[in-house]
Amino acid sequence: MSTTTYPPESIYNLIPREEVKTEKPPRYTSKFRDQVKIEKQLNKASNKTMGPSKVDLPSPEKYLQKHSKEPKLPERQTFPHVKEETDKKPRIPPKTDNPLMGIHTKKNFVKTNAIENIMSVPRKPQAIYTDTKSGDKHSLENSGLIPKYIKKKDYGETPGYLLQRRQEVQRVQEEYNDYVKERMKQGAMKQLSQEERNTILQGLKKNWGELHHQYQGLSVVTDTTPKKYRKERLELEIKQLESDIDLIERYKTIYIANN
């Protein structure tokens with residue numbers, strides 16, 4: 001038995017209906033289309049794809065000959081084996097050239113050698129050092145263990161670049177002092193007294209102690225957001241106070257603006 005189900009019949013389905021045609025929206029066309037075509041036509045070269053418009057044909061008289069494409073070697077030159085006559089080695093003596101025979105000398109070579117050795121200055125042994133247990137030897141001259149620098153002409157003197165740097169620092173300090181004096185005369189700056197400096201320093205240290213006491217009282221576990229924010233805020237304030245204390249302790253003379 002078929003299990004297909006059909007919709008219920010209706011008399012209205014017998015009435016012919018007008019077929020509705022869906023119209024597609026017009027295709028998008030750029031407003032710069034004509035301008036792009038003109039620019040493309042202007043920038044297009046005549047021989048960009050198909051080669052030059054006119055090719056010069058080779059002359060019939062200049063036809064391709066055999067071996068014309070091979071590289072040409074330079075002209076052959078004689079190689080000068082000997083530049084000058086003085087560079088030549090002496091010739092081998094001929095067979096008829098006999099050496100002088102029968103010449104004897106009365107020099108006593110044993111006595112001469114003994115006198116030369118007695119009168120000669122003994123050679124100074126080379127200074128060496130060993131750096132391993134197997135006895136590897138190295139020259140002591142270039143090892144850096146001999147204080148050669150004390151024999152220099154400028155030993156013990158201040159280098160020139162240090163003197164120049166010291167003069168630059170002194171000049172900058174003098175310019176700064178003149179600027180401070182000028183500003184103090186105009187009333188724009190004043191020097192912080194020793195009592196005020198000590199008072200500010202003690203106040204900063206007192207604030208640092210209070211913040212440090214609060215920081216030590218924080219819980220070990222920062223498991224909530226407020227605890228985390230409070231710890232970060234205390235760390236930033238303590239770091240800022242330490243920076244201010246170090247600045248005031250480092251400089252004894254401090255100038256502040258009146259305004």
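Count residues from 1 along the sequence.
Pairing each heavy atom of Tyr129 with each of Ser139, the nearest pair is CE2-O, 3.3 Å. The minimum heavy-atom distance linking Arg17 with Tyr12 is given by the pair NH2-O, 4.5 Å. Summarising the geometry of Tyr155 relative to Tyr149, their closest heavy-atom pair is CD1-O, 3.4 Å, with the distance given to 0.1 Å. For the residue pair Arg197 and Lys252, the shortest heavy atom distance occurs at CD-O, 3.7 Å. Nearest heavy atoms, Pro93 versus Asp97: CB-OD2, 4.0 Å. Summarising the geometry of Phe109 relative to Thr105, their closest heavy-atom pair is CE1-CG2, 4.3 Å, with the distance given to 0.1 Å.
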- request: Take Ile245 and Glu242 through the test side chain to side chain contact (heavy atoms under 4.5 Å, CB included) and record every step on the way to the result.
  value: CA-CA 5 Å; Ile245 291 170; Glu242 289 177 352; 5.7 Å; no
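At most 12 heavy atoms of other shown residues, nucleotides or ligands fall within 6.0 angstrom of atom CD in Gln126. Counting non-hydrogen atoms of other residues, nucleotides and ligands closer than 6.0 Å to CD1 of Ile92 gives a total of 12 or fewer. Within 6.0 Å of atom NZ in Lys227, more than 12 heavy atoms from other residues, nucleotides or ligands are found, so the atom counts as buried in its surroundings. The environment of Tyr229 atom OH is sparse: at most 12 non-hydrogen atoms of other residues, nucleotides or ligands sit within 6.0 angstrom. Enclosure of atom CD in Glu175 by more than 12 non-hydrogen atoms of other residues, nucleotides or ligands within 6.0 angstrom is indicated. Counting heavy atoms of neighbouring residues, nucleotides and ligands inside a 6.0 Å radius, atom CZ of Arg165 does not exceed 12 of them.
In this structure, the separation between CD1 on Ile128 and CG on Asp136 is 11.0 Å, given to the nearest 0.5 Å. Between atom CD of residue Gln65 and atom NE2 of residue His67 there is a gap of 11.0 Å, rounded to the nearest 0.5 Å. To the nearest 0.5 Å, atom CG of residue Asp34 and atom OG1 of residue Thr29 are 10.0 Å apart. Going from atom CD1 of Ile248 over to atom CD of Gln202 covers 11.0 Å, rounded to the nearest 0.5 Å. If you take CG on Leu234 and CD on Gln216, they are separated by 11.0 Å, rounding to the nearest 0.5 Å. Note that CG of Asp246 and CG of Leu204 are 11.5 Å apart. Values are rounded to the nearest 0.5 Å.
A salt bridge is defined here as a Lys NZ or Arg NE, NH1 or NH2 lying under 4.0 Å from an Asp or Glu carboxylate O, and Glu168 with Arg171 meets this definition. A salt bridge links Lys205 with Glu249: the closest approach of a Lys/Arg side-chain nitrogen to an acidic carboxylate oxygen falls below 4.0 angstrom.
Counting only distance, with no hydrogens or angles, the side chain of Ser243 and the backbone of Lys239 share no donor-acceptor pair below 3.5 Å.
Between Trp208 and His212, the two ring planes are parallel [angle under 30°; tilted spans 30° to 60°].
At least one side-chain heavy atom of Leu64 sits under 4.5 Å from a side-chain heavy atom of Lys69. For the pair Lys148 and Glu141, the minimum side-chain heavy-atom distance is below 4.5 Å.
Side chains of Asp244 and Gln240: a donor on one and an acceptor on the other come within 3.5 Å.
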